[in-house]
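Just so it is clear, the values below take in all heavy atoms, side chains as well, and ignore hydrogens, waters and symmetry mates. For ligands, and for the atoms within them, numbers begin at 1 and follow the listed sequence. Keep in mind that what you see is a predicted model, and the values were worked out from it rather than measured.
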Amino acid sequence: MNRHELLEFDRKHLWHPYASMSAPPPVNLAIAAKGTRIRLDDRQELIDGVSSWWCTAHGHNHPEIVAAIREQAEKFAQVMFAGFTHQPAIELAAALIKRTPAGVNKVFFADSGSVAVECAAKMAIQYQYAKGKTQRSRLAALRGGYHGDTAGAMALCDPEGMHHVFGAYLQKNLFLPQPHLRFEEEWSESEFTQIEELLERHKKEIAGVFIEPVFQGGNAMRFYHPMYMKHLREICDRLEILLIIDEIATGFGRIGRYFGCEYAGIAPDIMCVGKGLTGGSVTLSAAIASEEVAEVISGTMPGKFMHGPTFMANPIACAAGVASLRLFDSYDWKAKVDAIEIQLKRELETCKNHPNVADVRVLGAIGVLELRTPPTPERVQKLIRETGVWLRPFGNWLYTMPPFITPSNEISTITQAMKQML
Ligand SMILES: *Cc1c(COP(=O)(O)O)cnc(C)c1O
């Protein structure tokens, strides 16, 4: 098929994320990607300003990750994880638990972020079941949150957010007020009273609380004060509710710490990771439970955790993960993220007085402009082609999450492109 035929077939037969099939949004035909850039079939290169949906921390096609994938594919591409184990899974789990908070070290691999969230939800329910608290069959989450697109995960997303169509179909979870104090604001104890009251009132029904640490992504693009997490940890301990921290977007350096929970110095009972786990090369995720959660689930009938994806711990994905985590140890990612943060602050804060800008927010390698009126998809596509910068604004948010290896001149190109979209 030539270029025209490929795109024509795509328009007719391929669903794209969050897209119409009858009026499909414009798509670019990618033929290669390397470092910060995605090359299109017409030879234009786009700087990937969103790390291909927040994943490609070390840039596209990092040679060490590619080599790991190739080597593993030549040995074996897949073997079922029931009754088998393999070195890539073992090495990846070892690398992960070297970084997770102490005691959070029982690794359940899954296919995608949403599935890790499903696994964590099931773990929380099964944990309470094993403790004889069968009435604790609901979960709690923060308003403004995003935890994925599968049913269990949608039921944890902001009920007024992107999944509201499915409201009637979903489990009725308890929603806690959205953290209101910003990351950098002064903490005030009264901020937490409403969350505390709600959890107290519903404690007998609640198995676990899900949060995204510090950064609410897909439904808010907003950074909140770490003290909310500290207090949540305390009250969850007191009420014997599990605290599940969804690090799928924040993990692996994106917000300036290896994991977002480090901002509050707390450990979750279950942690979800995904996105950056393989450096954005292959889909893989994990729900990592504490020793206590794993012991309780394993110690009472049925005595095993009832989940098992067909491609669990896929060896190629795990090998990519091992290479990616090794890369984090091999260069000063923190210095790079800090430098990106400083530059994004400097270059985006000049937009504060623009009439179309309602707010500017930067933390780690995330820069967000909240707009009053978002640009039309046609205008976005035109400016992407003109500026050579790939951006994907959604809702009222125009944001960048560049790969950590993005040089400062390209960060400037990205912020310039954002300004043109205003
Ligand atoms: C992206 C994301 C998910 C879902 O991950 P998928 O791999 O898209 O299923 C879950 N939680 C958070 C916080 C995310 O950012």
Tell me which pairs pass side chain to side chain donor-acceptor pair (under 3.5 Å) where either residue lies in residues 24-37, with sequence neighbours left out. N28-Q381, T36-E410, R37-E45, R37-E410
Verify whether one side chain among E347 and S412 offers a donor that lies under 3.5 Å from an acceptor in the other. yes
Please confirm whether the ring centroid of F305 lies under 6.0 Å from the ring centroid of F108. yes
For ligand 1, give me the residues whose heavy-atom distance to it is below 4.0 Å, by chain and number please. W54, S112, G113, S114, Y146, H147, G148, E212, D246, I248, A249, K275
Using side-chain heavy atoms (C-beta onward) and a distance below 4.5 Å, is Q216 in contact with Q178? yes
Run the side-chain donor-acceptor check on residues 142-162: report pairs under 3.5 Å with partners two or more places apart or on a different chain.
residue, atom, partner, partner atom, Å
Y146, OH, D149, OD1, 2.6
H147, ND1, D246, OD2, 2.8
D149, OD1, Y18, OH, 3.3
D149, OD1, H163, NE2, 3.1
D149, OD2, Y18, OH, 2.5
T150, OG1, E118, OE2, 2.4
D158, OD1, E160, N, 2.7
D158, OD1, G161, N, 3.4
D158, OD2, G144, N, 2.4

Sorted by chain and number, sequence neighbours left out, ring-ring contact (aromatic ring centres under 6.0 Å, His included) with Y228 holds for W187, Y224
